[in-house]
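Notes for the one structure printed next.
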Number of protein chains: 2
Amino acid sequence: MPVEMQSTLEPRKTPVQARSTVTVEAIAEAAIQVLLSHGVERLTTTRVAERAGVSVGTLYQYYPNKQALLFAVLEAHLDKVTALLSRACEESHGLPIKAMVKHVIEAFVDAKMERTDVSMALYKIAAELGGVKVVRSVGERSHRTIEQMLMTVPGVQFEDVKFTARMMMATMAGTTRNVLEAGATPALVKGLRKHLVLLCQSYLQSCNAHAV
Amino acid sequence: MPVEMQSTLEPRKTPVQARSTVTVEAIAEAAIQVLLSHGVERLTTTRVAERAGVSVGTLYQYYPNKQALLFAVLEAHLDKVTALLSRACEESHGLPIKAMVKHVIEAFVDAKMERTDVSMALYKIAAELGGVKVVRSVGERSHRTIEQMLMTVPGVQFEDVKFTARMMMATMAGTTRNVLEAGATPALVKGLRKHLVLLCQSYLQSCNAHAV
DNA sequence: TCCAAACCTGAAGCTTCCTTCATAAACCTG
DNA sequence: CAGGTTTATGAAGGAAGCTTCAGGTTTGGA
C-alpha cells in the first residue's frame with residue numbers, strides 16, 4: 001500500500017509585508033543549498049532555517065511541515081520549466097519539423113541548465129514520498145503540449161503521436177539528467193544540446209508514416 | 001561539502017549455515033518491499049526486519065548499518081543488469097548496426113523489466129546519500145562496453161563515439177525509467193521496446209560520419 | 001505617537017529511529 | 001549427546017529530528 005500524503009501541504013500563512021516575502025524566498029533557496037550540501041537524508045528543518053538566517057519557528061509559519069517545503073520548491077521549478085517549454089512549443093507552431101525540434105529542445109535544455117544546482121537538488125526531492133506524483137502531473141501537462149505540437153507539423157503524420165511524444169519527453173528528461181549528474185560541464189552541455197536535437201530529429205523522421 | 005560515506009559498508013559476517021543464507025536474502029527482499037510500500041523516508045531497520053520475519057538484531061548481524069543494507073540491494077541489481085547488458089554487447093559483435101542495436105536494447109529493457117518492483121524501489125535508493133556515486137561507477141563500466149561495441153560496427157565511423165555512447169545509454173535509462181514510473185503496463189513496455197530500438201537506430205545512423 | 005497586526009524567536013515536548021548487547025535457541029561435528 | 005559454533009532475539013540506550021507555543025520585536029497606518 002502506497003504511503004499517504006501529509007494532511008496539509010498548503011502554505012500556513014502568506015507573506016504580507018516585504019520582509020516576510022524575503023524570508024520565504026530565503027527559506028526556499030536555503031532548502032536547495034542544504035539539499036546539495038547535505039543530501040535529503042540530512043536535510044532538517046533546523047538546518048534549513050539556520051542556513052536561511054532565520055529560526056525554525058519562522059519556517060513553520062509559512063510551511064506547515066517539512067514535506068510541504070520540499071514540494072513547494074519542486075513545484076516552483078517544474079512550473080518554470082514547463083512554462084518555458086510551452087512557450088517554445090507555441091512559438092514553433094507550423095514550423096517544419098527539424099526547426100521545431102531544434103527550437104523546443106534547446107529551450108528545454110537551457111531551462112534546465114539555467115540553474116544546474118536547483119535541477120540537481122530536485123532530483124532528490126522527486127524521489128521522495130509522493131514526489132513522483134508531482135512530477136507525473138506536471139509531466140502530463142507537458143506531454144499534451146508536445147503531442148499537440150507534433151500534430152501541427154505540416155506534411156507529417158505520426159503513427160502513434162501519444163507514444164512518440166512520450167518517448168521524446170522521456171529522452172529529453174533522461175539525457176539531460178544524465179549530463180546534470182555527470183557534472184554538467186560546458187563541454188557536456190554543448191554536446192547534449194547538439195546531439196539531443198539530432199537524436200529527436202532522426203527519431204521523429206523515422207516515425208513519420210508518410211514515406212521518408 | 002558533500003556528505004561523507006558511512007565508515008563501513010562491508011558485511012559484518014557472512015552466512016555459513018543454510019538458514020542464515022535464507023535470512024540474508026529475506027532481509028534484502030524485505031527491504032525492497034518496504035521501500036515500495038512505505039517509501040525511503042519511512043524505511044526503518046525494524047520495519048525491514050519485521051517484514052523479513054526476523055528480529056532487528058539479526059539484521060545487524062549481517063549488515064553493519066542501514067545504509068549498507070540499501071547499498072547492497074542497489075549494487076546487486078545494478079551488477080545484474082550490467083552483466084546482462086555486457087553479454088548482449090559481446091553477442092552482437094560484428095553484427096550490422098541495426099541488428100546490434102535491436103539486440104542490445106531489448107536485452108536492456110528485458111533486464112530492467114524482469115522485476116519492475118525492484119527497479120522502481122531502487123530509484124529511491126539511488127537518490128540517497130552517495131547512491132549517485134554507485135550508479136555512476138557502474139554506469140561507467142557500461143559506458144565503456146557500449147563504446148567499444150560501437151567501434152566494432154562494420155562500415156560505420158562515428159564522429160564522437162564517446163559522447164554517442166553516452167547519449168545512447170542515457171536515452172535507454174531515461175526512457176525505461178519513465179515507463180517504469182508510469183506504471184510499466186504491458187502496453188507501455190511493448191511500445192518502449194519497439195520505439196527505443198527505432199530511436200537508437202535512427203540516431204546512430206545519423207551520427208555515422210560515412211554518408212547515409 | 002500609539003496600537004494592532006505581522007513577524008520572529010528558540011527552548012522543549014514528543015516521537016521516531018538506529019544500534020547494541022546480554023541471553024537463548026539451533027545447529028553441527030566428533 | 002556434549003561442547004563449541006553459529007544464529008536469533010528484542011528490550012533499552014542514546015541521538016536526532018519535527019513541530020509547537022508563549023512571549024518578544026518590528027512594522028505601518030490612524
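So that the names make sense, note that chain A is the first sequence line, chain B the second, and so on, each numbered from 1.
Closest to the A/R12 side chain, of the nucleotides C/dC27, C/dT19, D/dT20, is D/dT20. For B/Y62, taking side-chain heavy atoms from C-beta onward, the closest of the listed nucleotides D/dT7, C/dC7, C/dC17 is D/dT7. Comparing C/dC8, C/dC18, D/dT19 against the side chain of A/N65 picks out D/dT19 as the nearest. For A/Q61, the listed nucleotide lying nearest its side chain is C/dT9; candidates were D/dC18, C/dC18, C/dT9.
Nearest heavy atoms, B/A127 versus A/V40: O-CG2, 4.3 Å.
Between C/dC8 and A/T23, a contact under 4.0 Å exists linking OP1 or OP2 to a side-chain N or O. Residue A/Y60 places none of its side-chain N or O atoms closer than 4.0 Å to OP1 or OP2 of D/dT20.
Within 4.0 Å of B/S20, counting heavy atoms only, lie sugar-phosphate atoms of the nucleic acid but no base atom.
Computed from coordinates, the A/K13 NZ to D/dT20 C1' distance equals 14 Å when rounded to whole Å. If you measure from atom CD1 of B/I27 to atom P of D/dT7, you get 12 Å, rounded to the nearest angstrom. Between the P atom of D/dT9 and the CD atom of B/E50 lies a distance of 12 Å, rounded to the nearest Å. If you measure from atom CG of A/L70 to atom P of D/dC18, you get 10 Å, rounded to the nearest angstrom. Whole-Å rounding puts the B/L59 CG to C/dC17 C1' distance at 13 Å. Atom NZ of B/K66 is separated from atom P of C/dT16 by 15 Å (rounded to the nearest Å). Atoms CD (A/E25) and P (C/dC7) sit 14 Å apart, rounded to a whole Å. The nearest whole Å value for the distance from the CG atom in B/L43 to the C1' atom in C/dT19 is 15 Å.
Between B/Q17 and B/P64, the residue anchored nearer the 5' end of DNA chain C, judged by the nucleotide with its closest heavy atom, is B/P64. Take the nearest nucleotide of DNA chain D for A/T45 and for B/G53: the residue whose nucleotide is more 5' is B/G53. Annotation: of the two residues near DNA chain C, B/A18 and B/R47, the 5′-most nearest-nucleotide partner is B/R47.
Taken from CG in B/L43 to CD1 in B/I125, the straight-line distance is 8.0 Å, to the nearest 0.5 Å. Between A/K124 atom NZ and A/H38 atom NE2 the span is 10.5 Å, to the nearest 0.5 Å.
Two residues are said to be in side-chain contact when any heavy atoms from C-beta on lie closer than 4.5 Å; B/L69 and B/N65 fail this criterion.
Between the side chain of B/R47 and the backbone N or O of B/R42 there is at least one donor-acceptor pair closer than 3.5 Å.
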Chi angles and distances behind the side-chain contact (heavy atoms from CB on, under 4.5 Å) call for A/M100, A/T152: CA-CA 10 Å; A/M100 171 189 278; A/T152 73; 3.9 Å; yes
A/T176 vs A/M113, side-chain contact (heavy atoms from CB on, under 4.5 Å): CA-CA, chis, key distance, verdict: CA-CA 9 Å; A/T176 305; A/M113 295 302 176; 3.8 Å; yes
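Under the Watson-Crick and G-U wobble criteria, each requiring two contacts below 3.5 Å, nucleotide C/dG30 is paired to D/dC1.
Electrostatic pairing of A/R141 and A/D79 counts as a salt bridge here, judged by a charged N lying under 4.0 Å from a carboxylate O.
Looking at B/R19, its side chain comes within 3.5 Å of the base of D/dT6 through a donor and an acceptor atom.
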Which protein N or O atoms sit under 3.5 Å from an N or O of nucleotides 10-13 of chain D?
unit_1, atom_1, unit_2, atom_2, d
D/dG10, N7, B/S55, OG, 3.3

